[in-house]
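See below for the structure under consideration.
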Protein chains: 4
Amino acid sequence: MGDPRAGRARRADAERNRRAIIEAANAVLAEQGSAVDVREIARRSGVGMGTLYRHFPTKDDLLRTVLEGEFTTWAGAAHRAADETDDPRRALREFFENALEYRARHRAVVEHCGSAWTAPAAPEPACTHLLTPVIDELRTRALAAGALRPDVTTEDLALLLAALGQVVQMTTDTCPRMWRRQLRICLDGLDPAHTEPLPRRSDGGDGACGGAGG
Amino acid sequence: MGDPRAGRARRADAERNRRAIIEAANAVLAEQGSAVDVREIARRSGVGMGTLYRHFPTKDDLLRTVLEGEFTTWAGAAHRAADETDDPRRALREFFENALEYRARHRAVVEHCGSAWTAPAAPEPACTHLLTPVIDELRTRALAAGALRPDVTTEDLALLLAALGQVVQMTTDTCPRMWRRQLRICLDGLDPAHTEPLPRRSDGGDGACGGAGG
Amino acid sequence: MGDPRAGRARRADAERNRRAIIEAANAVLAEQGSAVDVREIARRSGVGMGTLYRHFPTKDDLLRTVLEGEFTTWAGAAHRAADETDDPRRALREFFENALEYRARHRAVVEHCGSAWTAPAAPEPACTHLLTPVIDELRTRALAAGALRPDVTTEDLALLLAALGQVVQMTTDTCPRMWRRQLRICLDGLDPAHTEPLPRRSDGGDGACGGAGG
Amino acid sequence: MGDPRAGRARRADAERNRRAIIEAANAVLAEQGSAVDVREIARRSGVGMGTLYRHFPTKDDLLRTVLEGEFTTWAGAAHRAADETDDPRRALREFFENALEYRARHRAVVEHCGSAWTAPAAPEPACTHLLTPVIDELRTRALAAGALRPDVTTEDLALLLAALGQVVQMTTDTCPRMWRRQLRICLDGLDPAHTEPLPRRSDGGDGACGGAGG
DNA sequence: GATGAATGAGCGTTCATTCAT
DNA sequence: AATGAATGAACGCTCATTCAT
């Protein structure tokens with residue numbers, strides 16, 4: 001009680017718990033998707049339900065935190081990889097390949113890849129959007145190098161990524177290398193040799209889908 | 001025995017109910033996906049639980065019936081549309097467009113589009129597979145006309161369709177015409193101008209993913 | 001409508017249906033006990049639910065009818081058998097043996113053998129009680145021949161029969177001849193060599209259990 | 001971690017609940033048999049459904065626990081009573097009397113008394129079988145004292161007990177002392193004065209009913 | 001701060017009985 | 001009179017969240 005380090009110890013403990021929860025949740029969500037029982041996460045974390053709910057007042061909060069973490073580290077790795085690659089076209093291709101090889105195994109990640117569009121006003125500001133800067137960087141560089149259709153937007157690439165993520169999920173158990181074919185098709189479709197402009201995001205009108213996109 | 005219309009009258013009424021259930025279920029499943037409460041379907045059908053379960057002994061049976069119906073009419077419409085179109089490339093494009101415009105609004109349909117791969121041995125013989133013949137026909141014709149990369153399989157096209165269906169789901173509320181862009185990219189990627197062969201479905205070995213592929 | 005035989009034909013038809021229902025119900029109740037689904041009975045009868053419920057306004061009514069029938073034919077057969085047997089002791093033994101061999105296979109019969117005591121005022125006047133006269137006849141004759149403890153009542157014998165019926169049910173699948181041992185024990189216990197009087201049915205007081213007992 | 005009493009305190013409360021559930025379940029099962037609604041048990045326990053299902057993951061588990069408890073205390077009491085009684089014949093009689101007086105009121109107990117035979121391989125290892133040792137002890141002692149027919153097995157006694165339990169159930173409401181008469185008859189039938197051997201459990205053949213019998 | 005027991009609305013399903021035809 | 005479809009309360013069970021300790 002009077003020990004001034006008690007508070008600190010608590011803090012440290014709490015922080016350890018928080019991390020344990022996130023880590024366990026990450027594993028479980030990767031394996032089983034976001035429909036898992038919260039108990040399973042608590043069990044794997046080694047903490048009680050109360051602790052879990054103290055740190056994350058809602059299952060959704062936990063989910064969001066985990067996904068933010070995943071997307072953040074993902075974005076970081078992607079950024080570094082991009083910086084190491086000189087050829088912008090190859091950088092883009094490898095970004096997709098790595099994403100689909102290493103991230104699309106994570107069921108909850110893939111499940112929520114589309115949430116940025118599904119519920120853009122929902123309290124999920126940071127998730128898919130964390131990836132946006134990297135994708136945009138890759139896009140800009142590829143564009144500058146003439147390695148990408150000129151009117152491809154970041155959103156386009158993000159949506160293609162999400163879509164191919166679903167393909168990975170669908171086929172991973174029965175035909176794990178299948179997605180490489182669809183990826184190739186998409187990448188080829190992004191080739192600047194295709195000169196016809198892509199359809200407008202909207203017909204005009206007011207609802208121009210919010211994003212600046214380009 | 002007795003009035004020959006008696007049996008039929010009953011039948012007619014029951015059939016009306018059956019259809020009402022399927023219709024309501026279809027609507028509900030389209031809106032909310034396959035996780036809905038059966039009671040909601042019963043409510044919207046205007047029938048009691050017992051009636052629903054008399055017609056469909058299991059929620060899954062109902063689901064399957066609805067989806068089979070949906071896929072069957074879809075396949076029929078696609079077939080007719082294909083027959084009316086001379087240009088094989090345009091036929092393929094319009095198949096995708098119609099599919100994504102009219103079918104991909106249906107949450108349960110999209111949810112189950114990947115089940116052929118996820119659980120190929122599951123008791124869902126007729127669903128995605130109902131579409132296979134049409135896709136294969138379109139593919140063959142496009143191939144013959146030199147309007148498609150030579151090694152594109154029916155599976156490839158089905159997976160692209162499923163993937164783009166997810167894009168529709170993701171964007172339909174916030175940017176309903178968005179998917180047309182990703183579709184264009186994919187279609188362009190299918191162009192025979194891309195001469196490099198697609199990656200093999202598998203690395204060799206025994207697990208060649210089962211499908212003949214086409 | 002005007003045909004005077006129409007009514008009769010209906011009657012005949014109805015009677016046939018009624019008998020079909022009873023017969024099917026008997027079979028089903030014998031096999032599966034009184035917890036069966038009424039639909040199963042209707043199915044096996046070849047009639048619709050409405051017909052079944054027209055003849056028997058309640059599952060319980062049907063049950064009662066079936067059981068009354070069973071008990072009646074049983075009682076008749078037992079009566080005839082008793083008349084054919086001179087030795088009263090043997091007659092009693094064979095009554096028990098036949099009952100347990102041939103009747104105790106009927107699950108619903110055994111289940112309801114005790115209902116005479118469980119709910120004596122219930123609307124089940126005729127069931128176990130249909131057997132009472134035969135048992136009483138056997139008892140009287142055995143008593144007269146000095147082949148039975150003097151104060152054994154008809155109720156005593158009926159209860160022993162019900163109890164042994166349970167034994168048959170318990171053991172029929174795993175040890176089908178087992179009940180003969182317990183029957184022997186009971187029969188031996190009924191031997192007049194046992195001179196000590198049986199306990200009084202009640203402690204006196206008013207509730208003398210209703211029966212005259214015999 | 002932390003207060004060592006914390007775990008225990010919870011435990012104590014949970015234990016109280018667990019006991020409350022068992023007690024309430026015991027009462028309800030005694031009154032209404034094993035077909036009761038689980039909600040009724042929860043209600044009477046004063047706990048929610050979740051609590052009940054936390055302690056007993058299945059209705060069957062609860063049932064089993066209650067019955068095991070009931071049979072265990074019963075067996076214990078019977079054992080102690082047997083040890084206090086010198087006269088083996090009287091010990092056997094009093095065992096039956098106590099069993100029928102105090103245990104056979106319990107509907108679920110009586111319902112499951114026959115399950116050892118009905119479903120010997122079912123997941124009910126401990127129930128009727130808990131009683132076997134006591135019965136066997138009583139039998140052995142009675143046999144040694146020449147107070148029992150020589151070829152009476154433990155199974156015979158258990159089946160007689162189950163059968164008489166049914167008699168208690170049948171008569172308890174309308175003639176609560178009735179069973180004493182049938183018990184006397186059975187006990188008299190067990191007298192070694194009856195020298196004729198009991199029928200064999202089986203006709204020979206292979207299916208010798210599994211039990212060693214004793 | 002941590003614990004994990006408790007809560008209860010909700011889910012998929014069954015079945016005795018009623019009723020339109 | 002016969003049919004069998006319709007009804008809906010009830011059942012066994014799950015799980016996101018709360019709360020006493």
Side-chain angles (χ1 to χ4, degrees), chain A residues 6-7 9-11 13-14 17 35-40 42-43 47-55 57-60 62, chain B residues 1-3 5-18 35-40 42 46-60 62, chain C residues 6-7 9-11 13-14 17 35-40 42-43 47-55 57-60 62, chain D residues 1-3 5-18 35-40 42 46-60 62:
Chain A
R10 295 279 182 176
R11 275 275 169 96
D13 236 44
N17 269 337
V36 260
D37 194 328
V38 186
R39 279 161 188 73
E40 174 69 11
R43 209 171 300 128
V47 307
M49 292 292 290
T51 306
L52 197 156
Y53 269 87
R54 161 171 297 277
H55 285 289
T58 275
K59 183 184 180 179
D60 213 60
L62 173 54
Chain B
M1 292 189 190
D3 187 352
R5 278 176 313 187
R8 209 156 303 189
R10 253 302 150 225
R11 279 277 164 80
D13 224 46
E15 195 50 38
R16 239 164 50 88
N17 262 330
R18 188 187 156 88
V36 257
D37 190 334
V38 189
R39 285 159 180 81
E40 172 69 11
V47 305
M49 291 295 298
T51 305
L52 199 154
Y53 270 87
R54 153 178 281 275
H55 287 286
F56 304 98
T58 275
K59 182 185 179 181
D60 212 60
L62 174 54
Chain C
R10 296 279 180 176
R11 275 275 170 93
D13 234 45
N17 268 336
V36 261
D37 194 329
V38 186
R39 279 161 188 72
E40 173 69 9
R43 208 171 301 129
V47 306
M49 292 292 290
T51 308
L52 197 156
Y53 269 86
R54 163 173 295 279
H55 286 290
T58 276
K59 184 184 181 180
D60 212 60
L62 173 54
Chain D
M1 292 191 189
D3 187 351
R5 277 176 314 186
R8 208 156 304 187
R10 256 300 151 224
R11 280 276 165 79
D13 224 45
E15 195 51 39
R16 238 163 51 88
N17 262 332
R18 188 188 157 88
V36 257
D37 191 334
V38 188
R39 284 160 181 81
E40 172 70 10
V47 306
M49 292 293 298
T51 305
L52 197 154
Y53 271 87
R54 154 177 281 274
H55 286 287
F56 304 96
T58 275
K59 182 185 178 181
D60 212 61
L62 174 54

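Side-chain atoms are counted along with the backbone in the values below, which use heavy atoms only and exclude waters and symmetry mates. Because the structure is predicted, anything quoted here is derived from the model rather than measured. Per chain, numbering begins at 1; letters A, B, ... match sequence-line order.
Stem list for DNA chain F (at least 3 consecutive Watson-Crick or G-U pairs, distances under 3.5 Å): E:2-21 with F:2-21.
Between Val47(A) and Leu52(A), the shortest heavy-atom contact is CG2-N, 4.3 Å. The two residues Tyr53(C) and Thr58(C) come nearest to each other via the heavy atoms CE2-CA, 4.1 Å. Closest approach of Val36(C) and Lys59(C) over heavy atoms only: O-NZ, 2.8 Å.
Checking dA16(E), dT14(E), dG12(F) against the side-chain heavy atoms of Tyr53(C) singles out dA16(E) as nearest. Ranking dT7(E), dA1(F), dT18(F) by closeness to the Ala14(C) side chain, first place goes to dA1(F). In this structure, the nucleotide among dG4(F), dC13(F), dA2(E) sitting nearest to the side chain of Met49(D) is dC13(F). Among dC13(F), dT3(F), dG12(E), the nucleotide with an atom closest to any side-chain atom of Lys59(B) is dG12(E).
As rounded to whole Å, 13 Å separates atom C1' of dT13(E) from atom CG of Asp60(B). For the pair Glu40(D) CD and dG8(E) P, the interatomic distance rounds to 16 Å; values are reported in whole Å. A straight line from CG of Leu62(C) to C1' of dC15(E) spans 15 Å, rounded to a whole angstrom. At whole-Å resolution of the value, NE2 in His55(D) and C1' in dG4(E) are 11 Å apart. Here the C1' atom of nucleotide dT18(E) and the CG atom of Leu52(C) are 13 Å apart, to the nearest Å. Between Asp13(B) atom CG and dT3(F) atom P the separation is 18 Å, expressed in whole Å. Rounded to whole Å, the distance from CZ on Arg43(C) to P on dA2(F) is 20 Å.
Atom CG of residue Asn17(A) and atom CZ of residue Arg54(A) lie 11.0 Å apart, to the nearest 0.5 angstrom. The line from CZ of Arg43(A) to CE of Met49(A) is 9.5 Å long, rounded to the nearest 0.5 Å.
With DNA chain E read from its 5' end, the first of the two nearest nucleotides for Asp37(C) and Gly48(D) is the one closest to Gly48(D). Taking for each of Val36(A) and Ala35(D) the nucleotide of DNA chain F with the nearest heavy atom, the 5'-most of the two is the partner of Ala35(D).
Between the base of dA16(E) and the side chain of Arg39(C) there is a donor-acceptor pair shorter than 3.5 Å.
Considering only side-chain N and O atoms, Thr58(B) lies under 4.0 angstrom from the phosphate OP1 or OP2 of dT13(E). Remark: Thr51(A) is not in phosphate contact with dG1(E), judged by side-chain N or O atoms under 4.0 Å from OP1 or OP2. Applying the 4.0 Å criterion to OP1 and OP2 of dA2(E), one finds that Asn17(A) has a side-chain N or O inside that range.
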